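Take a look at the structure set out below.
This one's a predicted model, so the numbers in the text were calculated from it and none came from an experiment.
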Amino acid sequence: MLEEVRINALGVIEDAVLELSPGFTVVTGETGAGKTMVVTGLGLMFGGRADPARVRPGADRATVEGRLRVDPQGRVAGQVIEAGGELDDDGATLLLSRSVSAEGRSRAYAGGHSVPVSLLTYLADDLVAVHGQADQQQLLRSGRQREALDRFAGPALASVATDYLRTYQRHREAATELAELTSLARERAQEADDLRRGLAEIERLEPVAGEDAELRTEEDRLANADALHSAATVAHDALLGDPASGSYDLPDAVSLLGTASQALEAVAEHDPALAGLAARLNEASYLVSDAGAELASYLQSVEADPARLAAVQERRAELTRLVRGYGQAPVADAPGPGGDGADGAAGGDLAAVLAWAKQAAARLAELEGDDDRITGLAAEAERLAGEVAGLAGQLTELRKAAAERFAAEVTTELAALAMPYANVTVAVLPQEEFGPHGADEVELRLAAHPGAPALPLAKGASGGELSRVMLAIEVVFAGADPVPTFVFDEVDAGVGGKAAVEIGRRLARLARLAQVIVVTHLPQVAAYADTHLVVEKAGDGSVTRSGVTRLDDAGRVTELSRMLAGLEDSAFGRAHAGELLSAAAAERAAAGPPRRAQTP
């Protein structure tokens with residue numbers, strides 16, 4: 001609920017403060033005093049278009065600030081806190097602010113924190129319904145008319161709408177996946193064939209991780225077998241000698257070490273230093289003997305084997321083709337053997353090939369399951385389509401039933417709002433395709449007088465008539481989750497007399513459930529208000545802070561007299577004003593205490 005609004009440098013308003021109360025508040029004043037700027041300011045504060053032309057001449061920017069009462073645990077407080085703002089110290093007061101500079105730059109604040117203007121728009125959905133000439137255009141949109149009818153229809157339709165939307169979204173997901181699988185069937189089949197060929201090639205060769213490095217080592221040894229044999233022979237002979245030569249005069253390393261060791265051992269008892277050296281020579285002799293023995297064994301294993309060398313080279317070539325084809329790319333991009341990997345096996349190895357094979361097997365299993373998946377999705381999509389159609393049919397029936405009640409109640413309200421011959425109908429029009437809200441388009445139609453065709457509101461209602469249609473709709477909605485605050489501008493355009501009294505009664509009825517703020521020029525409407533604010537012109541045509549006054553009972557008589565007769569001191573006007581106020585007060589008293597809407 002709004003508690004206070006301050007408007008600065010907006011249009012003709014220089015600085016004005018509106019202290020608002022629960023119930024029905026009217027704002028009156030002479031033409032040009034700035035009454036409509038009150039509605040404009042509220043619209044701006046709740047995310048409306050920031051028009052720099054509205055900035056008061058000579059001012060840098062226009063600002064609207066509001067103090068509202070909200071539920072600390074409600075949606076509005078949650079959105080503000082999530083955006084970085086906070087409630088005032090009492091925990092239930094929210095400050096909103098919006099400014100627009102003369103250059104057109106706009107800023108918004110909620111709970112003392114800078115926020116996107118869009119947040120003010122979201123908050124407005126839960127806080128206020130502003131009905132000025134521009135705001136009424138929203139009701140002309142088919143989507144808003146459908147929302148209005150659905151809201152009027154109540155919980156029964158809301159429950160079906162929830163089930164419908166959930167089923168509709170599941171159907172969309174299934175249909176989208178089915179279309180994707182079907183449209184890509186050829187590409188996926190080709191991908192599966194490529195994976196099968198690659199896996200078959202790998203399975204045929206049965207590579208083992210590390211095998212390529214072992215084969216590389218073996219090929220190097222086989223290709224150089226003669227050189228290796230010769231080198232090992234020379235080394236062996238140097239260490240142990242060559243018995244096949246028949247000569248024992250050539251020295252060998254083991255013999256020389258033995259001779260040196262014996263010489264030292266013969267005199268070791270005379271010098272411990274030589275004893276240590278003798279021991280080390282003995283150890284060296286053993287090591288050289290072991291090396292010679294290993295060389296002898298190596299000589300027996302090393303021999304030229306052209307057949308084995310050819311087999312190793314062929315195996316390496318096959319493995320290299322695997323690495324080139326499958327060891328350097330993801331599953332979906334890998335070329336086949338001898339494909340795009342022109343640089344050979346560089347950058348890949350058999351471990352990468354084996355990893356590719358594991359991924360490819362998983363991907364192939366997924367692709368081979370496509371047929372089953374397509375069959376299952378098709379069945380699921382068909383089942384869900386049937387559920388969507390059934391729920392959409394329920395929505396249509398509920399909307400048609402609600403449309404008859406809604407049209408009848410709005411028409412009844414219009415009869416008391418100086419539109420006695422107007423007739424409102426609500427057309428529920430079938431659409432070819434299902435959407436997130438069903439298969440209906442809703443269109444409010446108005447026949448302003450007997451014999452007139454029922455036309456869409458945009459074509460069948462003037463500005464003043466549209467304002468009264470809006471009021472009638474809000475009164476009809478009053479018992480169905482109203483917002484805390486309603487603001488009306490020009491709702492009484494083009495009416496007077498008894499019709500004006502009825503408009504006042506309707507607004508007072510709406511104010512029993514919510515806060516209602518109305519800018520009016522009709523005393524019959526103003527008489528029903530709980531709070532009366534008057535906007536007064538200053539001598540230079542501007543409106544200052546003191547220009548917005550909250551009237552007491554005597555002040556209300558004077559203002560209503562001015563509105564009735566144009567003369568504040570007219571005895572006839574004052575008597576008529578007193579009569580209007582007394583009659584309205586009696587009706588309000590008879591209606592009992594108001595029942596307020598919950599704070600969001």
Side-chain angles (χ1 to χ4, degrees), residues 121 124-126 129-169 171-172 385 387-415 417 419 422-448 452-463 465-483 486 488 510:
T121 305
D125 289 340
D126 288 323
V130 179
H131 298 304
Q133 288 294 314
D135 301 284
Q136 292 166 4
Q137 301 304 312
Q138 296 182 1
L139 188 64
L140 304 182
R141 292 162 38 199
S142 177
R144 280 299 182 95
Q145 294 177 10
R146 178 194 49 73
E147 292 172 7
L149 181 62
D150 287 357
R151 174 182 159 199
F152 175 80
L157 188 143
S159 175
V160 176
T162 299
D163 293 341
Y164 171 86
L165 180 59
R166 182 170 54 249
T167 306
Y168 172 80
Q169 290 172 337
H171 175 259
R172 286 287 299 273
E387 292 184 15
V388 167
L391 290 168
Q394 294 181 42
L395 285 177
T396 298
E397 293 304 314
L398 289 169
R399 283 179 179 138
K400 287 181 176 179
E404 293 183 5
R405 301 195 314 273
F406 180 77
E409 292 187 28
V410 173
T411 297
T412 299
E413 289 296 326
L414 287 177
L417 297 176
M419 297 178 67
N423 183 57
V424 170
T425 56
V426 182
V428 180
L429 308 172
Q431 301 300 297
E432 293 182 0
E433 297 182 359
F434 295 105
H437 304 289
D440 304 319
E441 180 178 334
V442 174
E443 185 176 79
L444 291 178
R445 297 173 179 175
L446 175 68
L455 298 176
L457 287 183
K459 300 178 180 179
S462 65
E465 289 172 336
L466 186 56
S467 295
R468 278 172 276 167
V469 172
M470 285 300 305
L471 174 58
I473 289 174
E474 294 298 357
V475 171
V476 170
F477 278 161
D481 188 29
V483 292
F486 293 93
F488 291 96
L510 182 59

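- Proximity of a side-chain donor or acceptor of S159 to a complementary backbone N or O of P155 within less than 3.5 Å is not detected.
- Between L398 and A156 the shortest heavy-atom distance is CD1-O, 4.1 Å.
- Within the 4.5 Å cutoff, no side-chain heavy atoms of L444 are placed close to those of V469.
- Between V442 and F406 there is no side-chain heavy-atom pair separated by less than 4.5 Å.
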Identify all side-chain donor-acceptor contacts of residues 429-436 below 3.5 Å with residues at least two apart in sequence or on another chain.
from : atom 1 : to   : atom 2 : distance (Å)
Q431 : NE2    : L429 : O      : 3.4
Q431 : NE2    : E441 : OE1    : 3.4

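- Separation of atoms CG (L455) and CD (E443) is listed at 9.0 Å; rounding is to 0.5 Å.
- For the pair V426/V410, no side-chain contact is recorded, criterion being any heavy-atom separation below 4.5 Å from C-beta on.
- For Y164, the ring-ring contact (aromatic ring centres under 6.0 Å, His included) criterion is met by Y168, not counting sequence neighbours.
- In terms of heavy-atom proximity, H437 sits nearest to R399 at O-NH2, 2.8 Å.
- Between T425 and A454, the closest heavy-atom pair is OG1-CB, 4.1 Å.
- Atom-to-atom distance recorded for R405:CZ and L149:CG is 8.5 Å, nearest 0.5 angstrom.
- Each of L414, N423, T411 was evaluated against L446; a single residue qualifies, L414, per the side chain to side chain contact (heavy atoms under 4.5 Å, CB included) test.
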All N/O donor-acceptor pairs, side-chain side in residues 388-397, below 3.5 Å, sequence neighbours left out:
from : atom 1 : to   : atom 2 : distance (Å)
T396 : OG1    : A392 : O      : 3.0
T396 : OG1    : D440 : OD1    : 2.8
T396 : OG1    : D440 : OD2    : 2.9

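- Here the closest non-hydrogen pair linking A447 and A452 is CB-O, 3.6 Å.
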